[in-house]
Amino acid sequence: MGEQLGGLKRTYMCGELTVEYVGKSVVVMGWVNSRRDHGGLVFIDLRDRTGIVQIVFSEQVSKEAFEKVQSVRSEYVLAVEGEVVKRLPENVNSKIPTGEIEIYAKNLKILSKSETPPFPIEDRSNISEAVRLKYRYLDLRRPSMQKNLITRFKLTQAVREFLNDNGFIEIETPMLIKSTPEGARDYLVPSRIYPGKFYALPQSPQIFKQLLMIAGFDRYYQIARCLRDEDLRADRQPEFTQIDIEMSFVEVEDVLDINERMIKHVFKKVLDVDLDIPFRRLSYQEAMERFGTDKPDLRFGMELKDLSDILRESEFNVFKNALKNGGSIRGINVKGAALMTRKQLDELVEFAKNFGAKGLLWMQVLEGEVKSPATKFLTEGELNKILERLEAEVEDLLLIVADKDEVVFDTLGHLRVEMAKRFNLIDESKYEFVWVVDFPLLEYDEEEKRYVAKHHPFTSPKDEDIDLLEKEPLKVRAKAYDVVVNGTEIGGGSIRIHDTELQKRMFKVLGFSEEEAWKKFGFLMEAFKYGAPPHGGIAYGLDRLAMIITGSDTIRDVIAFPKTQNAVCLMTDAPSEVSEEQLKELHIKVDL
RNA sequence: GGCCCAAUAGCUCAGUUGGUUAGAGCGCCAGCCUGUCACGCUGGAGGUCGAGGGUUCAAGUCCCUUUUGGGUCGCCA
């Protein structure tokens, strides 16, 4: 059994001891990072969240402590009382901040023993995700994970600081809410009191924040947990956190402006990075045409170029069909990549097919010739114009896709990023922010055979496009915006509809009958009747933002207890079966 | 739901064309060591090769099924 503290007080954290403390009697507490036993002399590196300090045990200092330390092993929890001593110059460890001093141990308490941990508690070993998640509390003991969670904390502090100073009020909204159509699959919670009825867990506080605006809170924020029952990715967890913000009496520019200032504040506070504001702005249309995506990575060029006009008269069937079907022909220029092998090129074609492209046309621009499966189908004039349009030079690789616009953009957009990664074109030290604005309000859902909201059904159309709502729904642009950094969408929002009539028209376009709309969103429509201010806001993916700021590859590394790709918690084994009694109480029969 | 990668000692991995008793580094255990800090030296323990089935004289290795972890497309307003 471990010893009790017995009144012993910690006086310093391990990482804060420096030469300034030489001569002081101190008490430190922490975990054994490592033990180096030299027989007559034992070194222990003691670790807490602030760092590591070396403790020296020898018979001369304390026979009792020296004898006690013989049994100490990795990850034992110790309290050490001793004197801070300056190390001899030849013994200084310049790799750690406390490396100029050490503690001569006079008194040792073994507060807790530890079995040998399943993996070493250090940053340099890369342990499989499964083992890390099963022993998450040990994984979180590693310095890099501690740093990540502390950075995340600083991030939320900086956000709160800014919003508090700018008149925003933090308000909580319910977790047990009404299930509404549209959007992601809900997590459901059965009601015990009302057999057969369910609450939903919120996908976001969207409707509640709008109701808070109607209630007159004017500026609201919340760091809110959101839940969506959809398939996971490196940057998606079933539960995640949003920085949720809403403001009254504002237009698009007002929202963008205050958010730029907030992001600038946060980056300064957390990373000491000075961002230039205002951020660049791109319309959705322009983002798609130049980068093939609505979340462009602006740290490098390689922009898409439209070749349709050049190939208008082409006899090549691939081009002809694409244009005939209302599509386009576009390409990118991968500088200096011409010398790829045939196998690598074939792999690129396969890569392109992932995004629905039927093929990918490559052109190797070589000294005096262009190697490509397409050259024989092109006139010399066409070829030269393509080279000119893509600013091709010797050793460049041109990649061309002809298809529906949607497929062309998606394929080239992904190829652009993939090639930039392969050829190391990305400056990792940069933060390239951009607002993508003027999103389409609606898109057509082939499965459901109806229009669906691209953002959400409360998003306001642009004033000048309102009249197109019924006539040409796909042409209506929204007062919606996303903030993108380095190719990752970290936040998005919109100015909302605050008018009952317009909201009704919107529901109608979405294919809801009056009754349906009223049944699902009646409380909101009702609220609109009593004086709704113009309002809008934004929501950030806090986890993604933390991922960017810490330079992590996955949001799991900035979440204390994440789930696997199959939405399982390996530590607690959730989800799990529940007792018959629990099910009975909820009037639920499991049908497997 | 589709596609791709991985699974061998506690951890990270190697294991050739199917062929003797499955290896390495780290960790662990024991002994030695008063200046290490990825301590060192000597010795030792440790394996259901993810699981099931098949082919074969013989399977970690080939085939099928399956489970788990990861990546990705669909999906995620």
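Chain A is the first sequence line, chain B the second, and so forth, proteins listed ahead of strands; every chain is numbered from 1.
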Using whole Å, what does the distance between atom P of nucleotide B/G25 and atom CD of A/E122 come to?
17 Å

Aromatic plane relationship, A/F355 with A/H414 - under 30° parallel, 30 to 60° tilted, over 60° perpendicular:
parallel

Counting any heavy atom closer than 4.0 Å, what does A/T564 reach on the DNA or RNA strands: base, sugar-phosphate only, or nothing?
sugar-phosphate

Which one of A/Q503, A/E246, A/Q210, A/H535 satisfies the side chain to side chain donor-acceptor pair (under 3.5 Å) criterion with A/R496?
A/E246

Taking any heavy-atom pair under 4.0 Å as a contact, classify A/E129: base, sugar-phosphate, or nothing.
sugar-phosphate

Please test A/E100 against A/R87 for salt bridge (Lys or Arg N to Asp or Glu O under 4.0 Å), starting from the C-alpha separation and ending with a verdict.
CA-CA 6 Å; A/E100 284 184 88; A/R87 296 198 200 181; over 6 Å; no

Spacing of A/E230 atom CD relative to B/C75 atom P, expressed in whole Å
10 Å

Would you mind pulling out the nucleotide paired to B/U61, Watson-Crick or G-U wobble, both distances under 3.5 Å?
none

Parallel, tilted or perpendicular: which describes the rings of A/H456 and A/F458, with under 30° parallel and over 60° perpendicular?
tilted

Expressed in whole Å, how much space separates the C1' atoms belonging to B/A45 and B/G52?
31 Å

Presence of A/K353 side-chain N/O under 4.0 Å of B/C3 phosphate oxygens OP1/OP2:
no

When rounded to whole Å, the CD to P distance for the pair A/E115 and B/G27 reads 19 Å

So, does the side chain of A/R87 form a donor-acceptor pair with the base of B/C37 at under 3.5 Å?
yes

Taken to the nearest whole Å, CZ/A/R233 to P/B/G69 is 16 Å

According to a cutoff of under 5.5 Å between the ring centres and under 30° between the ring planes, does A/H38 stack with the base of B/U36?
no

Answer yes or no for this row: A/F43 ring on B/U36 base, centroids under 5.5 Å, planes under 30°.
yes

Using atom C1' of each nucleotide, how far apart are B/C26 and B/A9 to the nearest Å?
12 Å

